[in-house]
Each structure stands twice: as C-alpha cells, then as structure tokens.
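Below is one structure, written out as structure tokens; the observations come after it.
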Amino acid sequence: MNRLIATAPPDVPSDLALARRAVAEPAAFAELYRRHLPTVYRYLVARLGHVQEAEDLTAQCFEAALHGLARYDGRSSLATWLIGIARHKLADHFRRARPTVPLDEAALLADPAPDRALARAEVADVLRRLPPERAELLALRFYAGLSVAECARLLGRSEGAIKMLTLRAIQQAQGLAARQSEEAP
Amino acid sequence: MNRDEQRAAEALASFIETGEAGTLPPPLAASADALGAHAHSIAPDATFAARLEARLLAQHAAPSEPPRRSWLAALFRPVGRLAWAGLVVLLAIGLTLMLRALSQGEARPAGVSPTGTPGEPTPVVTLTPTEGAATVVTTQPAAGDPERYPITELVRTPALALDGLSPDGQWVTYWELSEEGGMTTPGQLVLSDRTGTELCTPSAALASRDNLFEPRPWLADGRYLYMGEDGGLRLLDEPCGEPRSIAPAGSWLTPLAASDDGQQLALMGQDRLWLWREGEAIRPIGDEGSVIFPGASFSPDGRWLAVSSGPSADLPSTSLTLREAATGQAHWTHDLPSPEPLGGTENRPGEPPLWLDAERMVVTLPRGEPLLFTVGEGGPSQPLSTFFGVEARPDSFHDIQSNGSTLLWQRAGEGTAELLRYDLATGEVMSCVVSAENPRALLAPTSADVLLVDEGGGAGRLWVESAGGEIIEGPAAGMGIEAAWAPDGRRYAVGSSEGLALAELDGGGTTTVTPLAGGWASDLHWGADGALWAVVRTPDGARLLRVEMP
C-alpha cells in the first residue's frame, strides 16, 4: 500500500539537530518546514475537507511552531509535535465554527459493511461523515503517517485500542460508502 | 471484541506499517490502500507553500523586538521608579476595588450564590472571598558566586533526555537518544545511581519510550514502573533489581495515577479501569466501556480514587466518579454536561481531579468553570467562579495549582493574565500584582510565593511575587525557559537557551547565579536531597549535570 512514512539517508541532519539550529538559523527552519509541510497539510485537509481552511490552519500551525521551536526537545518525533500543534489549532477552529455535518447523522450510520471495500473516490466524503473520533484516528494514521504508539499517546488510548479503533473506523467507512452507493439514483 | 476482530486489527496495523497483507481480508486491505492513495494525492499548492515559507522566514529573520515592557517591567527601570511605584500602589488599590465589586456579586453567574437557594447548587465549602492587600516592594537581585555550587557531570553523549529521579534523589533514569536516518529514536534507558558508578539498562525490556506515561515512572516509595515490550507492566522493587510483573503480557494497561504512597495504581485498558494494590492481584473495576478518555487521581490519604471520564463530541458529558480505592466500589457519580458542546472533531481527556486535601477536589470541565467537590456527599458542587464571575474559567487545567495550603488560579484578562491566590485555610483571596501578557506561573511548594515566567517579546523574564506582596526580579534568561522550584521553596532553577541559572530567596532579597552552566539547559529536576539535576545541550553534545546546594 502507499505509505507516508519517510526515511532519510544517514547524512541528512535529523529533525532534532535541525530543530536546534532552526531556532537561530532561518535556513534550518526552512528545511524543517519543507520536510513537514505535506504531513501537516494532509492531516488538516483530511480533518477539514476544505483547502482554504486547511491552508489557514497550516500557516497558523507553522507560525506557532516557529515561536515554540525552542521548547521542542526530541521527546517525540517532530511530526508528532507538529500534529499536536495542528490538533490544538483544529480545536480552536471548531470552537469558533461548529461542525458542518450533524453529529447525530454520523452516529446513526454505524453499521459496518466489511465485505465492500472503500474506493479512493469515496474517501473524502466518507471522512466527513465518520464520527469525529474515528475520522481523527484515520487522519492521524493515514494522512499524518503517525504510528500506533504515537496515535495512542496523542489520543490517550492503549496501542491495542488504537488498532481496534482503526479497524472499526475503516469498517464503518466501508459501511457509509456502501449505504451511499445504494441510495444514489 | 472477538478473537477474529482482534486478529484483523493486528493484521491491519501490520499492513499499514509494512504493506504486508498477511491474513488481512482483501476488502480491508483495499480500503486501507484507498485511504493511503487518497492521502498521497493531497499536496499543498506550490504558490501557497512558497508564500508561507517566505512569510515564516520573514518572521524568523526579523530582528528581535525588545521585551514588551509591561508597566511592571518599567518599574524596574531606575529612572522614575518612585513615580511608577506610586502607579503600582494605585493599580493595587484598583484591583482591590475590582475584587470587592466581584465579591459583592455583580459579576456572579446567575443562579449561584455563596449562600445558595433552593433548587440551585448549594455551596459545600467555606472559601470566603476577602481581599488581601499587596505591599509592593521591588527587589533587584544581587549576583552570586557559581563556585559555591559544585557541579558533577555524570554523562556526556550526543543526545539525552532525563527520565526521572527516584524520590530520595539517589537514583536517576535517563534516555540516551539515537539520531539515525533523520529520526530521533529512543536509544536506551539507563538507570544510574547519583554518582554514575552503578548502572543498568532496563530498556531492553521496554516496549518503547512512547509507553512511558503519567504518573512519573518513579513511584513515591522509590520503585520504578515500566511497560515491557510484550505489553506487560513491571515493577523494579530495587533499582537494577529483578523486575516483577504486575500486569500480564498483552494487557497493555496504561497507568493513569499512583497514590501518594506508591502502593496503589489506577490503570486504563480496553475502555475500562483497572486497579492495582500492593499485595493484591490487578483487577478491573467498573463496567467495560464505562470510561472514555479518563483522568484519575487518588486522594492524598489514598482512600479515594476520583475518575473524570470524557467527553467527546458524540458523548458531550464529563462523568465524575468517586471510588473507594480499597474495593473499587463507586461512592457516587455525577454526570457533568459540558457548558459548551465540543467541536466536531474534539475528544478531551478527562482531567485528573486536583485534590486540595483529603476531602476536597477541583474538577475542570472543557471550556467550563472548575467545580469544587467534597467526598462526603459528592454533590452538590460549587463552581469556583462563584467568587470571580463567569469569565473566570481558566484556559487549561494547568492554570490551577495547589500546594495544600494555597490555590493559585490563572485566568486570561484583557491584554494580561491575572493571577489569584486563595488561602485554603482562611479563604482569603489575593490578586497578584505581577502580570504579563502570557505568563506561566509556578506556585511555590511551601508557601504562597508565585514564580512568573514571561517570554513575550522575544526575551525571557522572571519574577517572584511573595506572599507578602514583595516582587523580586529573577535571573536573566533566554528562550525556551524552564523553571522549577526547589522542594524547600526558597530557591528556584531556570533553564533556557542562556544556560542554567539559580535564584536564592533569602528573606527579602535574592541572589542569582548565572550561568551555572552554559548551553541550552532543560529537564530540570530537584532531588529530595536538595541537589539540582539538569540536561545541558551544546553543539558538542548533551551533558547530564548534578548541582549540589551549599
């Protein structure tokens, strides 16, 4: 499958080394920005489903990272740290703008259809209709490329729970897509 | 959850990580592929990316603005200090009058009063708001002698992070980090005595550094708690001793809280709570699925376990349950609706209730005012903002601190944050004079002294406001400030990009020692023996230091 987990050759400076330099060196910050912009942006597009809003929050996220970089100490990966900032920005965003999909509608569509695979063209629509917790998990796993352990830490769940929730989220996404195709004229 | 579902979940996780489908049912693999392909198809617009980069670099390259001077900062200027002192007194009087107005009820939330009325929440506490008076005396620090503080370098390595200190300060755990392939990896955990002569590396059995958790891995009785790579929870009764299993392999139970004596643990696993007590087998409490995103804390005497669960966007209430720690039985439960619904994507972990003493605790709701509970009857509860108006809710749980005698509350104001101190014994309330646009406040462990850190305007500044209203300027600091009070509350350490500094409060004045060590200082820990531990990073690598106090 397509994987978003990037690896760098050994002579490429690590995120932590770059982050230390980036506090004082604009070029180092630019390098970090280029490395992680796609991850942050993908995650925000997946959660918001709206390019303009995703761009706005991406900008806010990196501005916050620029000002807070001195506190990054390598305890988590830089991607996890940036996604943590992005999640705060999302929370603020949703605090101001209520969700566009009624929650009760998402809650009603809970029957999985595990025998029917999700098609790529259906993904964006299904993500918007999933319950928030499950959409968040899929965004973290597939769009931000975070590991099970990183998701567990961010969401306050055990790794076993994250694996199970991922399975159920995909099953529910399949069910949503199946129902939608049945209802289509 | 059945066995087939569990197998499918494992196979799916493996497929996402490795691309190996294994036993994963084809429809699930195809769906995961569709998600991956969709993620890959998303890329930021090149023009947007370039413009944002230019904007960020312009911000980065901009010359540092001088510290944004608050009226307090101006106070420390030699010129016109008397005039500013007059202004301070006037402002203090103004604050006092504001507090009095608030306490007279004009800004209180409707339906809540200190005396209570039928059908409304009835107060169960005796916090009585009275205004304290601040006698503002400013003191500038004298320079100290770094030679008075012997420094021992225990480790020098390319990268490291301090994990924790044993409660007696005799043992330390730290991570030697590896930087390979553009990623920082955990490397190995090292357990060492305070001299660095006795070492062991239990990390071979650790699941990963990400599995370390709250509470801190060192329990109050000096034992070390960690999760094995098989998902089992283990305890080192003796440093570098044989590990003892307290939760079986594959259980993946995450500790949420430890009692103050280290003899009890509350754990989370598979949507239900578990309880471990020394000498007893670990056991589940409550029903499966009964807790979502919980926070938990034991009462100081270990008798009670308070659990705050949820909320999320689809389950908008916080549930607060008080359980008897010995039996796990629920004593009472309250369903606390969120004052505002959460956004469509939000899940807020329940905040661990903050115990003020063995009888009282503060519970924070997302976007709501903190509530004060007593163990006796459970409810009714009393919003703490009774005294300060509905706007008094804190920005986050960490804005409320207690050291058992004083409760410190930080709330956002117009342009500056406001700090309020409550004397838990007398109910006296006093507003701090010191403020800043976005300060961090640290309540001293043994008094009502408050340390404020302000990093606004591109430079760091620190002050202490004593219980008596004396304001003491702290040492010069750079960016990324980390500060920590010593256990005796008479000194504090400061780490920043400018190195490690120390401030000694000595009855009306302060002595600062800076830099104790050059480099980027962080990971500050005070040992119970009074020694200070810190990690200092330089281009040559990272050093783990121990600083002895005179």
Side-chain angles (χ1 to χ4, degrees), chain A residues 1-4 7-8 10 12 14-17 26 29-30 33 37-38 41-42 45 47 55 59 62 66 70-71 73-75 77 90-91 94-95 99 103 107 114-120 123 131-133 136 138 141-143 148-150 153 156 158-161 163-164 166-167 170 174, chain B residues 1 5 8-10 12-13 15-17 19 25 27-28 30-40 42-44 48-49 52-53 56-57 59-61 159 161 177 179-184 208 210-211 252 254 268-271 293 312-314 343-347 349 479-480 497 522 537:
Chain A
M1 66 169 292
N2 291 301
R3 298 176 66 226
L4 292 173
T7 55
V12 173
S14 71
D15 280 346
L16 182 59
F29 183 80
Y33 165 81
L37 173 66
Y41 180 79
R42 279 180 187 131
V45 168
R47 297 303 292 116
E55 288 184 351
F62 276 98
L66 173 63
R71 290 189 194 158
D73 64 358
R75 286 170 194 266
S77 71
L90 262 181
F94 284 115
R95 190 174 301 162
L103 297 177
D115 294 333
R116 195 275 205 194
L118 195 62
R120 182 184 169 287
V123 169
E133 181 189 359
E136 170 73 354
L138 293 184
R141 289 289 278 137
F142 288 92
Y143 294 76
V148 169
E150 288 170 325
R153 195 173 179 83
S158 69
E159 295 190 22
K163 290 174 184 173
M164 185 56 63
T166 307
L167 172 70
I170 292 182
Q174 291 176 171
Chain B
M1 179 175 62
E5 202 179 16
E10 289 290 344
L12 176 62
F15 178 63
I16 296 169
E17 299 286 348
L28 276 173
S31 294
D33 263 336
L35 279 158
H38 183 254
H40 261 289
I42 297 172
F48 159 73
L52 176 56
E53 183 174 349
L56 291 166
L57 291 182
Q59 289 182 33
H60 195 297
L177 305 177
E179 296 183 27
E180 292 174 356
M183 299 289 289
T184 302
S208 78
D210 280 338
N211 280 319
W252 298 103
T254 304
M268 174 73 193
Q270 303 296 346
D271 297 343
F293 309 120
S312 62
D314 40 356
T345 62
E346 286 187 84
N347 301 307
M479 295 304 295
S497 58
S522 63
R537 299 176 175 90

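First the proteins, then the strands, lettered A, B, ... as listed; each starts at 1. Small disclaimer: the values here were computed from a predicted structure and weren't measured.
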> Hey, what's the ring geometry for A/Tyr143 with B/His38, parallel, tilted or perpendicular (30° and 60° as the breaks)?
Replying inline: perpendicular
> Mind checking whether B/Leu28 and A/Leu167 have side chains closer than 4.5 Å, heavy atoms only?
Replying inline: yes
>> Contact between B/Glu17 and A/Arg141 at the side-chain level, heavy atoms closer than 4.5 Å - yes or no?
In response: yes
> For B/Pro25, is it the side chain, the backbone, both, or neither that has a heavy atom closer than 4.5 Å to a heavy atom of chain A?
Replying inline: neither
> Tell me, side chain or backbone of B/Ala13 under 4.5 Å from chain A's heavy atoms, or both, or neither?
Replying inline: both
> Non-hydrogen atoms of chain B under 4.5 Å away: do they reach the side chain of A/Val148, the backbone, both or neither?
Replying inline: both
>> Heavy-atom cut-off 4.5 Å, strictly under: side chain, backbone, both or neither for A/Ala119 against chain B?
In response: backbone
>> Which atoms of B/Leu12 are under 4.5 Å from chain A, going by heavy atoms: the side chain, the backbone, both sets, or neither?
In response: side chain
> With under 30° as parallel and over 60° as perpendicular, where do the rings of A/Phe62 and A/Tyr33 fit, or are they tilted in between?
Replying inline: perpendicular
>> Would you say that A/Phe142 contacts A/Ile170 through its side chain, given a criterion of any heavy-atom pair below 4.5 Å between the two side chains?
In response: yes
